[in-house]
Structures are given as structure tokens and as C-alpha cells.
Amino acid sequence: MAIERTFSIIKPDAVKKNAIGGVTAKLEEGGLRVIASRMVRLTEAQAKAFYAVHKDRPFYGDLVKFMTEGPVVVQVLEGENAILKNREIMGATNPEKADAGTIRKLFGTNIERNAVHGSDAPETAAQEIAFFFSGADLAALAR
Ligand code: CMP
């Protein structure tokens, strides 16, 4: 199996719940390693650009508002099959439909306030990592 990198956001709802540690513990227990991490308050322009793929969806405006309401933690995660593994650990987008023990079941509230974001494919992982972290940030962490 390949060692991959994926991108994660601990969203404003989970940060507000004081769940940065709880979320990160689930990621680590699942076999993922945090190799870069930073707390940021997204600007409206950043949130719009990050979620541009959803710009025609009815929830886009509310999503941008939510993602800018408080600080988030952006992270790069590394591990075997990290992209799929992270999605399993997060659980379904809608916390009401997420399996027991997943991050979204434990810490999410509803389909919008769902605690975490994770990349869905290798191409988006690369784009999303590059949105927040420079090559120099990551090169310094190469093992
Ligand atoms: P995320 O994995 O960050 O990707 C896009 C986000 O849009 C998603 O998590 C949810 O927070 C939000 N989202 C997706 N579908 C809906 C929906 N039907 N209604 C409201 N928000 C949604």
C-alpha cells in the first residue's frame, strides 16, 4: 500500500467545542500522522476560493459564512492510504448518517456543521495541501 498525504480541516464548530485534541486523537488512533498543522481564521475570499467547486450549490453562501465564523485548524496527514483512511475515520458528510465512533458522529452537528473536511481524491489532496502549505513547509518535514 502506498504512503499518501491528505488534507484536513478541523472546522469552526469543532474548534469551538474544544475538540481539536479529540479530533486529532481519532486521526492518530486511525494510523494517520499529522505532518503539518496551523490554526487560521479564513477570510471570506479564502473560503470562497477553497470551496469554489460548490459555488453553484444552494448551500455555498451558508458554507462560506460557517467556515469564516471562527478559527479552523488546517492539517496535512500522512499514512498508508491516507485519503481513504481519513474519509473512513471522518464518517459520512451528514453526521446523522455517520457510523458510530467516527469524527462526524462524535463531534458534528448537521450536514453543514460537520466538524471536519477531508480531501476526496489524490488530485484534490494535492490542490488543497498547496492552498495552505508551501513546498518549503513540507520539504522541511520529509523523513
Ligand atoms: P466538506 O467535506 O467540507 O465539503 C463540502 C461541505 O459542504 C461539506 O463538508 C458540508 O459542510 C457542506 N455541505 C455538503 N452538502 C451540504 C448540504 N446538502 N447542505 C449544507 N451543507 C452541505
Side-chain angles (χ1 to χ4, degrees), residues 1-57 59-95 97-99 101-143:
M1 270 190 282
I3 297 288
E4 286 179 336
R5 287 178 178 177
T6 190
F7 175 75
S8 167
I9 303 179
I10 304 177
K11 295 186 179 185
D13 58 329
V15 173
K16 198 177 287 174
K17 284 182 184 174
N18 204 21
I20 296 171
V23 168
T24 305
K26 293 296 293 183
L27 298 170
E28 291 175 344
E29 283 162 15
L32 297 172
R33 176 178 292 272
V34 178
I35 62 159
S37 183
R38 194 167 75 239
M39 182 178 266
V40 290
R41 179 82 182 253
L42 297 183
T43 63
E44 187 182 332
Q46 282 175 317
K48 280 183 169 168
F50 184 80
Y51 280 118
V53 67
H54 295 304
K55 67 180 187 320
D56 297 325
R57 307 288 287 275
F59 57 81
Y60 181 62
D62 284 345
L63 176 62
V64 168
K65 200 166 167 210
F66 163 54
M67 291 300 292
T68 57
E69 76 177 28
V72 301
V73 177
V74 293
Q75 296 178 319
V76 180
L77 309 175
E78 190 175 80
E80 280 190 5
N81 276 337
I83 296 166
L84 186 61
K85 189 172 284 180
N86 184 39
R87 293 178 69 75
E88 287 170 3
I89 299 166
M90 289 192 298
T93 304
N94 186 345
K97 296 184 179 159
D99 288 343
T102 60
I103 290 172
R104 284 169 168 157
K105 189 64 159 190
L106 288 166
F107 302 111
T109 303
N110 57 41
I111 195 164
E112 178 180 270
R113 305 178 75 82
N114 63 353
V116 280
H117 166 82
S119 307
D120 61 3
E123 301 73 34
T124 44
Q127 284 165 13
E128 291 175 358
I129 289 170
F131 191 98
F132 287 102
F133 295 95
S134 72
D137 288 336
L138 299 168
L141 298 161
R143 283 185 273 149

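All values derive from a computational prediction rather than experimental measurement.
- Applying the ring-ring contact (aromatic ring centres under 6.0 Å, His included) rule to pairs touching residues 5-30 yields Phe7-Phe50, Phe7-Phe132, sequence neighbours excluded.
- Distance check, rounded to the nearest 0.5 Å: CD1 of Ile35 to CZ of Arg5 gives 3.5 Å.
- In terms of heavy-atom proximity, Ser8 sits nearest to Leu77 at CB-CD1, 3.7 Å.
- Between Val34 and Thr24 the shortest heavy-atom distance is CG2-CG2, 4.0 Å.
- The distance from atom CD of Glu44 to atom OG1 of Thr68, rounded to the nearest 0.5 Å, is 6.5 Å.
- Although no hydrogens or angles enter the test, the distance criterion places a donor-acceptor pair under 3.5 Å between the side chain of Lys17 and the main chain of Phe107.
- Checked against side chain to side chain donor-acceptor pair (under 3.5 Å), Thr124 has the following partners two or more places apart in sequence or in another chain: Asp120.
- For the pair His117/Glu128, a side-chain contact is recorded, criterion being any heavy-atom separation below 4.5 Å from C-beta on.
- Among all heavy-atom pairs drawn from Val23 and Val116, the shortest one is CG1-CG1, 3.7 Å.
- For Asp62, the side chain to side chain donor-acceptor pair (under 3.5 Å) criterion is met by no residue, not counting sequence neighbours.
- Between Gln75 and Leu27, the closest side-chain pair of non-hydrogen atoms falls below 4.5 Å.
- Pairing each heavy atom of Ser119 with each of Thr6, the nearest pair is CB-OG1, 3.4 Å.
- Put simply, the side chain of Met39 reaches to within 4.5 Å of the side chain of Ile20, judged on heavy atoms.
- Arg57 has its side chain out of reach of Tyr51: every pair of non-hydrogen atoms, C-beta onward, lies at least 4.5 Å apart.
- Val73 and Ser37 get closest at one heavy-atom pair: CG1-OG, 3.5 Å.
- Heavy-atom neighbours of Lys48 NZ from other residues, nucleotides or ligands within 6.0 Å: at or below the threshold of 12.
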message: Please evaluate residues Glu78 and Ile3 with respect to the criterion side chain to side chain contact (heavy atoms under 4.5 Å, CB included), reporting the C-alpha separation (whole Å), side-chain torsions for both, the decisive distance (0.1 Å), and the verdict.
response: CA-CA 7 Å; Glu78 190 175 80; Ile3 297 288; 3.7 Å; yes
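- Nearest heavy atoms, Leu106 versus Gly101: CD1-O, 3.6 Å.
- Checked against Arg113 for a side chain to side chain contact (heavy atoms under 4.5 Å, CB included), the options Arg104, Glu69, Lys11 give a single hit: Glu69.
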